[in-house]
Amino acid sequence: MPLRCTRLCDPSASRPATHELRLLYDERVKSRLAAVCTDGTAVAILLPRGTVMRDGTLLAADDGAVVHVVAAAQAVTRISAPTPLTLLRAVYHLANRHVPACLAAEQVLIEPDPVLERLLQSLGARIEHLQIPFDPEPGAYHGGHSHGDPVHADPAATVGEQLSIEAHRERLAALAAESSERRT
């Protein structure tokens with residue numbers, strides 16, 4: 001019977017990890033996943049939709065076990081540039097396409113994409129392929145763009161999500177007021 005993990009642990013309040021689970025980025029963004037820990041223990045991950053398991057996340061198993069999630073080494077593209085402006089332009093184009101990226105002052109890491117790589121090279125960026133863990137910025141929407149119901153806020157939402165929810169609420173209120181004025 002696999003360990004059944006249905007929630008994240010608070011790192012400051014949890015027990016030491018009893019198992020280690022190495023996952024690629026595309027596995028760590030899944031809410032439902034069957035996987036195997038480094039010690040051979042099977043794990044069934046059943047988290048709330050939209051949960052992202054970051055490198056270092058601790059999962060609580062129903063039996064009290066704690067699973068430590070580690071970002072596994074995977075193919076990544078390192079983008080660097082001869083000038084800060086060139087790197088900034090590269091980041092602009094990646095952000096415009098909602099590409100998950102790991103940012104640093106001198107480089108950006110993304111998952112390999114030959115089309116994007118050609119675009120970035122045309123801007124003057126340097127491309128290098130590596131095998132290392134990939135743990136991109138969580139972003140305003142945990143790496144995805146959501147247009148769900150803005151009224152039902154998640155208390156665990158990121159700052160970006162909270163700001164977006166508030167902006168949607170304000171816009172809905174303004175539209176309702178406009179509509180009410182037009183009817184009178």
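Predicted model only: the values in this text are computed from it and were never measured. In what follows, every heavy atom counts, from backbone to side chain, and hydrogens, waters and symmetry copies are set aside.
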Residues at least two apart in sequence or cross-chain that pass side chain to side chain contact (heavy atoms under 4.5 Å, CB included) with Glu20, listed by chain then number, are Arg22, Thr38, His68, Val70

Report the hydrophobic cluster partners of Leu94, with the cluster defined as I, L, V, M, F, W, Y residues connected by side-chain heavy atoms closer than 4.5 angstrom, directly or transitively.
Ile79, Leu87, Val91, Val99, Leu103, Val108, Ile110, Leu116, Leu119, Leu120, Leu123, Ile127

Please enumerate all residues that pass side chain to side chain contact (heavy atoms under 4.5 Å, CB included) together with Ala104, with sequence neighbours excluded.
Gln107

Of all heavy-atom pairs linking Tyr25 and Pro136, the shortest is CE1-CG, 3.3 Å

Is it true that, when you exclude Glu106 itself, more than 12 heavy atoms of the residues, nucleotides or ligands shown sit nearer than 6.0 Å to its CD?
no

Leu109 to Phe134 - nearest heavy-atom pair and separation:
O-CE1, 3.3 Å

Residues two or more places apart in sequence or in another chain: which of them pass side chain to side chain donor-acceptor pair (under 3.5 Å) with Thr18?
none

Would a distance-only check, ignoring hydrogens and angles, find a side-chain to backbone donor-acceptor pair under 3.5 Å from Glu137 to Ala101?
no

Using the test salt bridge (Lys or Arg N to Asp or Glu O under 4.0 Å), find all partners of Arg126 that sit at least two apart in sequence or belong to another chain.
none

Tell me, do Pro138 and Arg54 make a side-chain contact under 4.5 Å, heavy atoms counted?
yes

All salt bridge (Lys or Arg N to Asp or Glu O under 4.0 Å) counterparts of Arg7, not counting sequence neighbours:
none

Separation between SG (Cys9) and CG (Leu58), nearest 0.5 Å, reads 5.5 Å

Would a distance-only check, ignoring hydrogens and angles, find a side-chain to backbone donor-acceptor pair under 3.5 Å from Thr51 to Ser31?
no

How would you list, by chain and number, every residue that makes a side chain to side chain contact (heavy atoms under 4.5 Å, CB included) with Thr6, sequence neighbours excluded?
Arg4, Leu46, Asp62

Is Leu8 isolated, or which residues cluster with it under the ILVMFWY side-chain rule of less than 4.5 Å, directly or via members?
Leu3, Leu21, Leu23, Leu33, Val43, Ile45, Leu47, Met53, Leu59, Val67, Val69

Qualifying residues under salt bridge (Lys or Arg N to Asp or Glu O under 4.0 Å), relative to Asp55, sequence neighbours excluded:
none

Leu24 meets the side chain to side chain contact (heavy atoms under 4.5 Å, CB included) criterion, sequence neighbours left out, with Asp26, Glu27, Ala72, Gln74

I need the minimum non-hydrogen distance between Ala75 and Pro112, along with the two atoms involved.
O-CD, 3.2 Å

By side chain to side chain donor-acceptor pair (under 3.5 Å), Asp39 pairs with (sequence neighbours left out) His19, Thr41

Is the count of non-hydrogen atoms from other residues, nucleotides or ligands lying under 6.0 Å from Arg49 atom CZ greater than 12?
no

Work out which heavy atom in His129 is nearest to a heavy atom in Thr77; give both atom names and the distance.
CD2-OG1, 3.5 Å

Got a sec, which residues hit salt bridge (Lys or Arg N to Asp or Glu O under 4.0 Å) with Glu117, two or more places apart in sequence or on another chain?
none

